[in-house]
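Working notes for the structure below.
Protein chains get the first letters and strands the later ones, always in sequence-line order, with residue 1 at the start of each.
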Protein chains: 2
Amino acid sequence: MLTIKEIAEMANVSRSTVSRFLNDSGYVSEEARKRIDKVIKETGYIPSEHAKSLRTKKTKVIGVILPTIHTETSSKIVAGIDNELAKQGYQILLANTNLDKEKEIEYLDLLKVRQVDGIILVATNTEERLVKKVQEMNLPIVIIGQHMPGVTSVVYDDFHASKEITNYLVEKGHKKIAFIGVDETDRSVGYFRKKGYYSAMNEHRLEVNSTWVQTAIFDIDSGYKAMKRILTKSSILPTAVFAVTDRLAIGAMSYLKEQGLLVPDDIAVASIGASEISRYVDPSLTTVDYHNEMAGKQAAKQILAIISKTEYQEKILLNYRLIIRNSV
Amino acid sequence: MLTIKEIAEMANVSRSTVSRFLNDSGYVSEEARKRIDKVIKETGYIPSEHAKSLRTKKTKVIGVILPTIHTETSSKIVAGIDNELAKQGYQILLANTNLDKEKEIEYLDLLKVRQVDGIILVATNTEERLVKKVQEMNLPIVIIGQHMPGVTSVVYDDFHASKEITNYLVEKGHKKIAFIGVDETDRSVGYFRKKGYYSAMNEHRLEVNSTWVQTAIFDIDSGYKAMKRILTKSSILPTAVFAVTDRLAIGAMSYLKEQGLLVPDDIAVASIGASEISRYVDPSLTTVDYHNEMAGKQAAKQILAIISKTEYQEKILLNYRLIIRNSV
DNA sequence: CTGAAAGCGCTTACAG
DNA sequence: CTGAAAGCGCTTACAG
């Protein structure tokens, strides 16, 4: 591999001068500049990032920790991050936890060792150990999807989105509305979305039968099973169901169809996510668009701002948009 | 940050000895070992990967170049790669081309500069410039999805999969079978899948009306439009259509429904992909499962084998599996 | 079994 | 405007 030393020799200058030329730092005479430029073009020399990192302590790499890589939400967030970072010549070092909370913590250390310039964490929980770890990282860090005190975060407006979609069901004449949620250690998807649902129900003085509220995990099959529990355990059947993710809703619809129930005539279904497919299931799904690419983009912007010490907001609350289709 | 020098001082040994201890290379006496171990545990010292890389020329990072990050296929491949690499302590440096062929080439250089230990390229074409670049990389490299001479590759059996699914349509009594493909510069998805289709049609001596064969790009809407072209331009309507990807098929079904045509009664639909959603569209889609996670896993294994100079195969042909559902 | 020294490829005060 | 020198945090022959 070609090094700065060889370039310097070929151009008849010192390494310092080549370095100055490369980084546009300090003066380099016109003649020297020309000679160096020529040599670099001829040889195709590219400086070693590692040597550079060792000196400057900058790597132009951002670590991204994800709970899972193969969902649409994750990949859109990563796409958003990547697009924004690429503009500034940064790259992504990926760390996939596979929903293992222990790894979420481990990866924070691992990425630090790799000397990333910053970390974007797509968080699934706000357990104390994780929060503490994040706060002690001493490295630019941005959280997506959860709020942690003292940490820059990009969050979805789970409470209001959830409330709005429940309100929409009420507007459409529904009074008996079931709910498929997830575990509340996930503050955003679990806790706040449930809270939004209850808030809407309370304001309309609608009763919530305990069997209407079921907890699932993040896959289609789990939505199917939750819907089954709702139908089999309830003495009074709901006329609508709000599932906190599209996949859960799709699972629920799949069970309803199997039972010969019509959506939305017998039971209306709504959810949050606006996955590409939500348009193409039958009937098409009424859902909320969370602008995941925007979340990634904003997180990238924030981390870049922290690194360059320009201004940034500690908390960015993202917009959402209700998409009305045929499942309600 | 703590360095090896400080650890050495604290443990009363030289840096060399600490290094030997860390890497299990060469002798370290029991006493020295104990002292070093103690100091490291107490301080939580972690060696700098950059300094290490600078010396050893190894980074434990594999660059992964993807045409796009937000499709199910991509994310499954990445998940497969990641799982396998993580076992050996390797990480992924992500490079997303957004389907820009120019970037595919640029990123090869960029990743090389980043000193990755190897590159996995999820390729979309086999244009000469790219192939030449890959062959000249002089760095462990594995291609997924395309075959390039002299380059280790993990490929899907596009020709046979395509032929088999066409044969299946014929078995089901279809004689007039349309085809929605993509541009043939994508050898795998474009060229070989089309070839498989023609091969099956020829062997059964079935005629292919030129208006039945349409070219699309990789999104749902494009499948919708291609189906529209088939129906509006054909004097003889097909009774079945084979789309080369699930998304294309879903777009096609969406147009058919809009026209009041029934799937599969009026027109049967089949495709390749086995995306999660293919089960949940209505009717559920007959498709081919390509084991994308396995592709990623195999590619990761290959690259690790190349790096460690153990045996590896130059070409791995993956299995596929026909999934028979209700759209045919 | 251990340590001194050189070197990996850069950048950055500093002196001129 | 330029170069010599030190240093970033490691590893690796080599000598003892």
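For residues 36-60 of chain B, proximity to DNA chain C is found at B:Leu54, B:Arg55, B:Lys57, defined as any non-hydrogen atom under 4.0 angstrom from a strand atom.
Side-chain contact, B:Thr71 with B:Thr73: no donor N or O sits under 3.5 Å from an acceptor N or O. A side-chain donor-acceptor contact under 3.5 Å links A:Glu104 and A:Asn125. With hydrogens and angles left out, the side-chain atoms of A:Asn83 and B:Asn98 include a donor and acceptor closer than 3.5 Å.
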Canonical and wobble pairing (Watson-Crick, G-U, under 3.5 Å) of DNA chain C, dot-bracket with |: |||.||||||||.|||
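When each of B:Ala32 and A:Leu2 is assigned the nucleotide of DNA chain C bearing its nearest heavy atom, the one mapping closer to the 5' terminus is B:Ala32.
As judged by a 4.0 angstrom heavy-atom cut-off over every strand, B:Thr3 is placed among residues touching the sugar-phosphate backbone only. Residue A:Ser29 is in sugar-phosphate contact alone, with no base atom involved, counting any heavy-atom pair closer than 4.0 Å across all strands shown.
The nucleotide range of DNA chain C contacted by chain B, defined by atoms under 4.0 angstrom from heavy atoms of the protein and reported 5' to 3', is C:dC1 to C:dG9.
Between B:Lys297 and B:Glu293 there is no salt bridge, since no side-chain nitrogen of the basic residue lies less than 4.0 Å from a carboxylate oxygen of the acidic one.
Looking only at side-chain heavy atoms (C-beta outward), A:Val116 and A:Leu139 come within less than 4.5 Å of each other.
Within the structure, side chain to side chain donor-acceptor pair (under 3.5 Å) contacts touching residues 134-144 of chain B (residues at least two apart or in different chains) do not occur.
Between A:Gln146 and the options A:Thr124, A:Thr126, A:Asp186, a side-chain hydrogen bond (donor to acceptor under 3.5 Å, both in side chains) holds for only A:Asp186.
Scanning for ring pair (Phe, Tyr, Trp, His ring centres under 6.0 Å) contacts around A:Tyr107 gives an empty result, with sequence neighbours left out. The side-chain contact (heavy atoms from CB on, under 4.5 Å) check on A:Ala295 picks up A:Ile144, A:Val154, A:Tyr156, A:Leu318, with sequence neighbours excluded.
In this structure, the side chain of B:Thr17 does not engage the main chain of B:Val13 through any donor-acceptor pair within 3.5 Å.
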